[in-house]
Number of protein chains: 2
Amino acid sequence: MTTLIDIVRPNAGEAPGGAIRVFTFFRDRLLSGELKAGDRLLAERELALALGVSRPVLREALRSLAMLGLLDIQHGRGAFVRAADASVLGQALTLCLAPQPNILDDVLQARIAIECQAIRLACERASERDLQAIADVLDALVASLDEPELGGRADHAFHLAIVRASGSGSLMKIHEAISPLLIRSHVERRRDTFGEPAITSRLVDAHRAVFLSLARRDPDQAERALREHFLIGDDLRRRKLIAAYQPQEKQP
Amino acid sequence: MTTLIDIVRPNAGEAPGGAIRVFTFFRDRLLSGELKAGDRLLAERELALALGVSRPVLREALRSLAMLGLLDIQHGRGAFVRAADASVLGQALTLCLAPQPNILDDVLQARIAIECQAIRLACERASERDLQAIADVLDALVASLDEPELGGRADHAFHLAIVRASGSGSLMKIHEAISPLLIRSHVERRRDTFGEPAITSRLVDAHRAVFLSLARRDPDQAERALREHFLIGDDLRRRKLIAAYQPQEKQP
DNA sequence: TGCTCATAGTGGTAAGACCACGGACTGACC
DNA sequence: GGTCAGTCCGTGGTCTTACCACTATGAGCA
C-alpha cells in the first residue's frame, strides 16, 4: 500500500483503495484546518454511509488516524479531533532509533544541537517574562539539590524554559519529541551525582552561568556556557566508565 | 482509546482491547528485534486465529502499523516488516507543525541546530572516506552552479554528507525528517539566486570555507563558517523582503 | 522449450448482528 | 422540590460470513 501522508499526491485522478481514500480525506481536512481540535466526528455508521465505504474500512482509517495522534476515539462517546502534540513524534523517533546501539547516549547529541541553537535564538527573542520564568526555575533547581526526583525535574524544566524562550516551534517540538528518551538517562545520572557536593555545586554554577549569559543576550557566550554544562555530563560518564573498569570493590 | 506506543505500559496485567493488544504485540516484537526487516508475517486469517481476534480487528492493527511505516502490506502477497525509515518522522513533524505560521522559515532553525552540532561531531569523528565524500559533493556543487535543479540537489547532498560524517544516528534521522520541509524553501531560494554571480560565488566560498575548517578538524571554526553560510540565506530573504516593499516595477 | 491459463493463497471489502460503554432522560424516593 | 437510581439510546468495539481482486505458482498445451 502507499505510505500515508504523501505530501505530493500521485495518481490523484484515480480512486485509491477505500481505506486510504478515507484516510487522506481526513488528513487533508486536518492539515487545511477545516477540522479543528475538539471537533466531533459523525458516528462511524453515518460516516461509512456518507463516504461510501463499509464500517470496518472506515474504522481502519480512523484507527490509523488515532494511532498518529490526530484523533481521540472514545468508547461510547465518539471520535474527536485532537490537537497535534509531539507524542507521536517522540514515538516515531523511538521506533526509528530503536535498532541502533547507544541510543540513549546518541540522543544527547540531538539535545545539545537543539538547545544550543535555542539559546542563541533566546538571546535575540526572549521576552522579560521568558527570562523571569527561567530565573524562577533556576531558583527551584537550587532549592531542590538534595532531592534527586525534584531536582531532575527542575533541571529538565530549566532547559525546557530555554527552548520555549527561543520562540521556535520546530525546536520546541523536536525537543519535546526527544524528551522521553532523555528522561531515562537523566534520572539515572541524577542518582549518581546525588550526594556529591563537588558535582552538584559545579552543576549549579553551570546553570547559573548559562542563565547569566542569556540575560546578557550574548549568543556566543551563552552557547559556550551551555556546552560547558553538557561537558559535565560527559565528564561524569567518563568517570563512571573508568570506575567500572577499576577492579576495586566491584561486584560482578 | 489509549495512545499507541506507551513506552511504559500501564495496566499491564489486564487485557486491553483486541486491536490495541495486537498492535502492542507486534510493536514490542519490532522494538525488541524479534521481527526483522524483510520478514513476512503470517496470513491475516492465520494471524487472527493465532491471536484470538477476528480478521477485521487484526486488520485495524496491521493497517495502523503500516501507517506508521513499520509494515509493508502488499495486496495478494502478504505483509512484510519494513526497515524503519524517517519518512513517518517527517510526516509526523509536518502534522505537528502544520497549524503554526511561518513553518518553512522556522524549520530552518532546526536545520541550523542539527547541522551545527553535526559538524562539530564530524570534526572529531569523520573518517577520511567521509571527508572525501564531502569533497566530491563540493566539486559537484561547483560544477552545477548554472543549473538550479542540479545545484539545489548538490547543495542538499553537501549538507547531508556533513550530517552523515557526524556519525550520530539521532542527528541523521532528525535531519532526514525535516528534509522534505527544507526542500520546499530550498528550491525557491535557488531559483532566486540563479543568475546572480555575486551570490553564487559567495555561496561557493561559504561551502568551501565550511569544508576546509572541517578538514582541519576545528569545531569552533567549522561551526562559525557554517553559521556564516546560513547568514547568506537570511541576507537573501531580507533583500527579497525589501524588494517586495519597493514600489518600483512591481506587479500586483 | 516456451507460453498460456487455471488455481490456490493472499489481502481488500462488504453486510449484518451483537456486545460494552457513556450519557441523558425519567422515574421514584427522600 | 431536590436528589438519587434505573432505564434507554447512541456510540464505539467486536465477531461472523461471504465475496472480490490481485499475485504467484504450476500444470497443461503448442
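We name chains A, B, ... by the order of the sequence lines, and we start the count at 1 in each one.
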Please work out whether the ring planes of B:His207 and B:His159 are parallel, tilted or perpendicular, with thresholds of 30° and 60°. perpendicular
Hey, can you pull the residues of residues 34-41 of chain A with a non-hydrogen atom under 4.0 angstrom from DNA chain C? none
Calculate the interatomic distance between B:Glu60 atom CD and C:dG11 atom P; express it in whole Å. 16 Å
Residues A:Glu44 and A:Leu58: closest non-hydrogen pair is O-CD2, 3.3 Å
For A:Arg82, is there any backbone N or O sitting under 3.5 Å from a side-chain donor or acceptor partner on A:Asp72? no
Between C1' of C:dT10 and CG of B:Asp72, the distance in whole Å: 14 Å
Taking atom P of C:dG23 as reference, at what distance in whole Å does atom CD of A:Gln74 sit? 8 Å
Among C:dG11, D:dG12, C:dG22, the one nearest A:Arg77 by side-chain distance: C:dG22
Assess the residue pair A:Leu160 and A:His175 against the criterion (side chain to side chain contact (heavy atoms under 4.5 Å, CB included)); give the C-alpha distance rounded to whole Å, side-chain angles, the decisive distance to 0.1 Å, and a yes or no. CA-CA 8 Å; A:Leu160 188 63; A:His175 190 264; 3.7 Å; yes
State plainly whether the residues A:Glu124 and A:Arg120 are in salt-bridge range, i.e. N to O under 4.0 Å. no
Interatomic distance where NE2 belongs to B:His75 and C1' belongs to D:dC22 [whole Å]: 4 Å
Interatomic distance, B:Asp136 atom CG to B:Leu141 atom CG [nearest 0.5 angstrom]: 12.5 Å
Do B:Arg29's NZ or CZ and the ring of B:Phe25 fall within the cation-pi criteria of under 6.0 Å and 45°? yes
Taking only heavy atoms on the protein side, list every residue of residues 42-58 of chain B lying under 4.0 Å from any atom of DNA chain D, sorted numerically. B:Arg45, B:Gly52, B:Val53, B:Ser54, B:Arg55, B:Pro56, B:Val57
Quickly work out the B:Arg59 CZ to C:dT10 C1' distance and round it to whole Å. 11 Å
Would you kindly say whether B:Gln132 and B:Asp130 are connected by a side-chain donor-acceptor distance under 3.5 Å? no
Separation of C:dT10 C1' from B:Ile73 CD1 (nearest whole Å): 12 Å
